[in-house]
S.K.: 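Below are the structure tokens for one structure; questions will follow.
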Amino acid sequence: MPELPEVEQFARHLAPRVAGQQIRFAEIRCLRTIRPLTPESFRDALRGSAITGVRRRAKYLLFDLAPSCSGHAQCLLGHLGMTGRIFVQPLQEPLPRHTVAALDLGATRLVFEDARKFGRLLTDASALNGLGPEPLSPDFSTEVLTAALRGSRRAIKACLLDSGVVAGIGNIYASESLFRARIHPQRAGGHLTPDECRRLRTAIRGVLSEAIRRAEAQSLETPANRETLFYHGNAPGSPATSRFCVYDRANAPCPNCRTPIRRLVQAARSTYFCPRCQW
DNA sequence: CACCATGTTCCTTG
DNA sequence: CCAAGGAACATGGT
């Protein structure tokens, strides 16, 4: 899946390609992908709508829609799940094998490809209710993070994956942020010291913004398209070396101290950390 | 065949 | 009420 930096890259890639385009028709190949569930009601919410822009909130892509008729949706939300990609291609090009939906924009099509089918297209923005602050926005201050963690005995790793605490941190960047902040993933969220909260906020913003910058730089070298829009950070054909410090690097040497990185399981998800640098 | 997987939601259990 | 753990979703990669 795309984590937050990859979703941001999708939004930046798509915005100039779909802004001003009108949705002519929605082809639905996988019913479970859409909400509302029937193609008829889904199309009703989108009928005649023009896309005015693309934004990101947490890991959602937000396609802003111009008013068309009564009952139209104000926004189309896309969530890529674990394996989703959304991209634009010429109308005459054949749809990829795992296409779950395609929006006809006239000369082009907005294609949603999703092998694992965990992704969703929503015409109702209520999924955004209850999300915590965007980690890269000024709202995400040390005070806000500290307040969200106050009193919690949950492991800090679990807190970071809770979208109500801070929006859009996934399994990869939770491990990477805790490594950078030198905090052990099993520490209770409410027991972090003020300095640890400050370090954690700085680390989260750093790892996410650096990942976005890397994606941006890469898209300048290699024009972004279906093939090069990456997830898991690695574009096809790019060196296999991980760009992560700890994620998926069990037994590899810590970049700081060479101690072997350890893997543990929390809430059924893998966590990677350095037992010497993080405590 | 076995096991793992970048996300989210829901359910059960304590 | 809270938290933890697990299952579920569906498919592909190793």
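Chain naming here is simple, since letters A, B, ... match the order of the sequence lines and numbering starts at 1 in each.
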S.K.: Any side-chain donor paired with an acceptor under 3.5 Å for A:Asp195 and A:Thr193?
M.R.: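 Short answer, no.
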
S.K.: Output the distance between atom CD1 (A:Ile156) and atom OG1 (A:Thr271), rounded to the nearest 0.5 Å.
M.R.: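 It comes to 11.5 Å.
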
S.K.: To the closest 0.5 Å, what do you measure between SG (A:Cys75) and CD1 (A:Ile51)?
M.R.: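 Rounded to the nearest 0.5 Å, the SG-CD1 separation comes out at 10.0 Å.
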
S.K.: Could you tell me the separation between the CZ atom of A:Arg56 and the C1' atom of B:dG7, rounded to a whole number of Å?
M.R.: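 Atom-to-atom, A:Arg56 to B:dG7, this comes out as 15 Å.
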
S.K.: Roughly how far, to the nearest 0.5 Å, is CG of A:Leu200 from CG of A:Leu160?
M.R.: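 These two atoms lie 5.5 Å from each other.
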
S.K.: Atom CG in A:Leu105, atom CG in A:Leu91: separation rounded to 0.5 Å?
M.R.: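 So the gap between those two atoms works out to 9.0 Å.
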
S.K.: Which heavy-atom pair separates A:Phe112 from A:His79 by the least distance, and what is that distance?
M.R.: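 Here A:Phe112 and A:His79 meet closest at CZ-O, 3.5 Å.
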
S.K.: Let me know the distance between OH of A:Tyr173 and P of B:dA5, rounded to the nearest Å.
M.R.: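 From A:Tyr173 OH to B:dA5 P: 17 Å.
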
S.K.: With rounding to the nearest 0.5 angstrom, report the CG to OG distance, A:Leu4 to A:Ser209.
M.R.: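 So the CG of A:Leu4 and the OG of A:Ser209 are separated by 10.5 Å.
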
S.K.: With the sugar-phosphate defined as primed atoms, P, OP1 and OP2, and the base as all remaining atoms, what B/S/- string results for nucleotides 9-14 of chain B, 5' to 3', for protein heavy atoms under 4.0 Å?
M.R.: ------

S.K.: Could you check whether atom CD of A:Glu210 has more than 12 heavy atoms from other residues, nucleotides or ligands sitting under 6.0 Å from it?
M.R.: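 Yes, CD of A:Glu210 has more than 12 neighbouring heavy atoms, counting only those of other groups under 6.0 Å.
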
S.K.: Check the phosphate of C:dG12 against A:Thr83, side-chain N and O only, distance under 4.0 Å to OP1 or OP2. Yes or no?
M.R.: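 Result: no.
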
S.K.: With the side chain of A:Arg263 defined as its heavy atoms from C-beta on, choose the nearest nucleotide among B:dA5, B:dG7, C:dT11.
M.R.: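 Closest nucleotide among those given: B:dA5.
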
S.K.: What is the distance, to the nearest angstrom, from the CZ atom on A:Arg85 to the P atom on B:dG7?
M.R.: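 These atoms are roughly 16 Å apart.
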
S.K.: If the P atom of B:dC3 is compared with that of C:dG6, how far apart are they to the nearest Å?
M.R.: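 Straight-line distance between the two P atoms is 15 Å.
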
S.K.: I'd like to compare against my own output: the B/S/- annotation of nucleotides 2-9 of chain C with a strict under-4.0 Å heavy-atom distance to protein.
M.R.: -SSS---B

S.K.: Nearest to the A:Tyr247 side chain among C:dG12, B:dA5, B:dG7, which nucleotide is it?
M.R.: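 Looking only at heavy atoms from C-beta outward on A:Tyr247, the closest nucleotide is B:dA5.
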
S.K.: Quick one: are the ring centres of A:Phe87 and A:His13 less than 6.0 Å apart?
M.R.: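 So the answer is no for these two rings.
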
S.K.: Provide, to the nearest angstrom, the distance between the CD atom belonging to A:Glu113 and the C1' atom belonging to C:dT11.
M.R.: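 Roughly 13 Å, once rounded to whole Å.
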
S.K.: To the nearest Å, give me how far apart CZ (A:Arg269) and C1' (B:dA5) are.
M.R.: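 A:Arg269 atom CZ is separated from B:dA5 atom C1' by 8 Å.
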
S.K.: Take atom CG of A:Leu77 and atom C1' of B:dT8, then tell me their distance rounded to the nearest Å.
M.R.: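 Result: 14 Å.
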
S.K.: For the pair made of NE2 in A:His98 and C1' in C:dG12, what is the distance, rounded to whole Å?
M.R.: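 These atoms are roughly 8 Å apart.
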
S.K.: May I ask you to say whether A:Arg29 pairs ionically with A:Glu27, meaning some side-chain N is under 4.0 Å from a carboxylate O?
M.R.: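 Result for this pair is yes, salt bridge flagged.
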
S.K.: Hey, any chance A:Val166 and A:Leu131 share a hydrophobic cluster, counting ILVMFWY side chains that come within less than 4.5 Å of each other, even indirectly?
M.R.: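 A:Val166 and A:Leu131: separate clusters.
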
S.K.: Evaluate side chain to side chain contact (heavy atoms under 4.5 Å, CB included) for A:Arg249 paired with A:Tyr272, printing each intermediate quantity in order.
M.R.: CA-CA 7 Å; A:Arg249 293 180 62 79; A:Tyr272 300 88; 5.7 Å; no

S.K.: Give the rounded distance in Å between these two atoms: CG of A:Leu161 and C1' of B:dG7.
M.R.: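 Roughly 10 Å, once rounded to whole Å.
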
S.K.: Is A:His79 near enough to B:dT8 that one of its side-chain N or O atoms lies under 4.0 angstrom from OP1 or OP2?
M.R.: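 A:His79 to B:dT8 OP1/OP2: side-chain N or O found under 4.0 Å.
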
S.K.: For DNA chain C, which consecutive runs of 3 or more Watson-Crick or G-U pairs (each distance under 3.5 Å) count as stems?
M.R.: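 Only these stems qualify: B:2-5 with C:11-14, B:7-14 with C:2-9.
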
